[in-house]
J.: 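Handing you a structure now.
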Amino acid sequence: MKLLKKRKTLLITLVMCVSLLLLFSQAAFATDGVKLSASDEKGEVGDEVTVEIYIENAEGLTGIEFAISFDTALVEPQAIEEKEIEGEMVTIYLEEGPFLTDTLSSLTLSNYVEEDGKLKVISTTPYGDTDEEGLFGTVTFEILDEGETNLTFSNIVISPDEMEVGTPVSGSIEGEEVDELQNAIDAANQAIADLPDPEDITLADK
């Protein structure tokens, strides 16, 4: 009976050890994979804020695809240009950062799907001459209303196949009520600062 009890205790201990090892391996796996993260930004309603998207553990990356979700009632991404690709005009929302522009060749497309509340990004660096980490790109959003929305990554696919995907880190945008009094004070201060020096005042400044 005692022997059976000892074996049962040993079995439970082994199961717990294996479970902890698996959990640790998964955590390490997520940490070591290609990891995306977005910055946290804040502004008043009507302002435009620029979100920075960073990438880590990405040396040798030849391609990546992902989506960024957000609340379309609170923010809206701003287009930066249109490109003609294979006879069709494509609107671009993501400005490439040094991580991409420092490579020999890169092509990044970004499509805003309003119904899904997602900005979809596809980027290729065919020579795989990317750095370990860096600023992947930026996206400018207009703040439409008060409140806070998370910027959540999803549908991440990368190449080459042997590279793994790490756990992404969401960003956020917080919209605040417009401070009309402070804006009036700032405008008055700017008008005063724009006045010429007393010795330079002429009748034309009346």
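Any value given below was found using the heavy atoms of this structure, including those in side chains, with hydrogens, waters and symmetry copies removed.
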J.: Any side-chain heavy atom of Glu96 sitting closer than 4.5 Å to one from Ser106?
T.: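 Result yes, sub-4.5 Å side-chain heavy-atom pair found.
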
J.: Could you tell me whether the side chain of Ile92 reaches within less than 4.5 Å of the side chain of Leu109, counting heavy atoms only?
T.: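 They are in contact (side-chain heavy atoms under 4.5 Å apart), so the answer is yes.
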
J.: Could you list the residues that satisfy side chain to side chain donor-acceptor pair (under 3.5 Å) with Ser154, not counting sequence neighbours?
T.: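 Not a single residue meets the side chain to side chain donor-acceptor pair (under 3.5 Å) criterion with Ser154.
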
J.: Sub-3.5 Å donor-acceptor pair from the side chain of Ser172 to the main-chain atoms of Asn150, do we have one?
T.: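 No; judged by distance alone, with no hydrogens or angles, the pair does not exist.
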
J.: Could you check whether any side-chain N or O of Ser69 sits under 3.5 Å from a backbone N or O of Lys118, counting only pairs where one atom can act as donor and the other as acceptor?
T.: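 Between the backbone of Lys118 and the side chain of Ser69 there is no qualifying donor-acceptor contact (under 3.5 Å).
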
J.: Using a 4.5 Å cut-off on heavy atoms from C-beta on, say whether the side chain of Phe70 contacts that of Thr152.
T.: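 Not touching, per the 4.5 Å side-chain cut-off.
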
J.: Would you say Asp116's side chain and Val113's backbone share a donor-acceptor pair under 3.5 angstrom?
T.: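 Pair absent, no side-chain N/O of Asp116 close to backbone of Val113.
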
J.: Heavy-atom count check: over 12 atoms from other residues, nucleotides or ligands less than 6.0 Å from Glu88 CD?
T.: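 No - once you tally the heavy atoms of other residues, nucleotides and ligands closer than 6.0 Å, there are 12 at most.
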
J.: Please tabulate, for side-chain N and O atoms in residues 130-146, each donor-acceptor pair with protein atoms closer than 3.5 Å (sequence neighbours left out).
T.:
unit_1, atom_1, unit_2, atom_2, d
Thr130, OG1, Ala58, O, 2.8
Thr130, OG1, Gly60, N, 3.1
Thr130, OG1, Leu61, N, 3.1
Thr140, OG1, Thr50, OG1, 3.1

J.: Are the side chain of Asp71 and the backbone N or O of Thr149 linked by a donor-acceptor pair below 3.5 Å?
T.: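 No, Asp71 side chain to Thr149 backbone: no donor-acceptor pair under 3.5 Å.
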
J.: Looking at Thr108, is its backbone amide N or carbonyl O close enough to the side chain of Ser123 to form a donor-acceptor pair, meaning the two atoms are under 3.5 Å apart?
T.: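 Between the backbone of Thr108 and the side chain of Ser123 there is no qualifying donor-acceptor contact (under 3.5 Å).
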
J.: Is there a side chain to side chain contact (heavy atoms under 4.5 Å, CB included) between Thr125 and Leu104 once you walk through the steps?
T.: CA-CA 8 Å; Thr125 51; Leu104 288 175; over 6 Å; no

J.: Less than 4.5 Å apart, any side-chain heavy atom of Lys35 and any of Ile55?
T.: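 No, every pair of side-chain atoms sits at 4.5 Å or beyond.
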
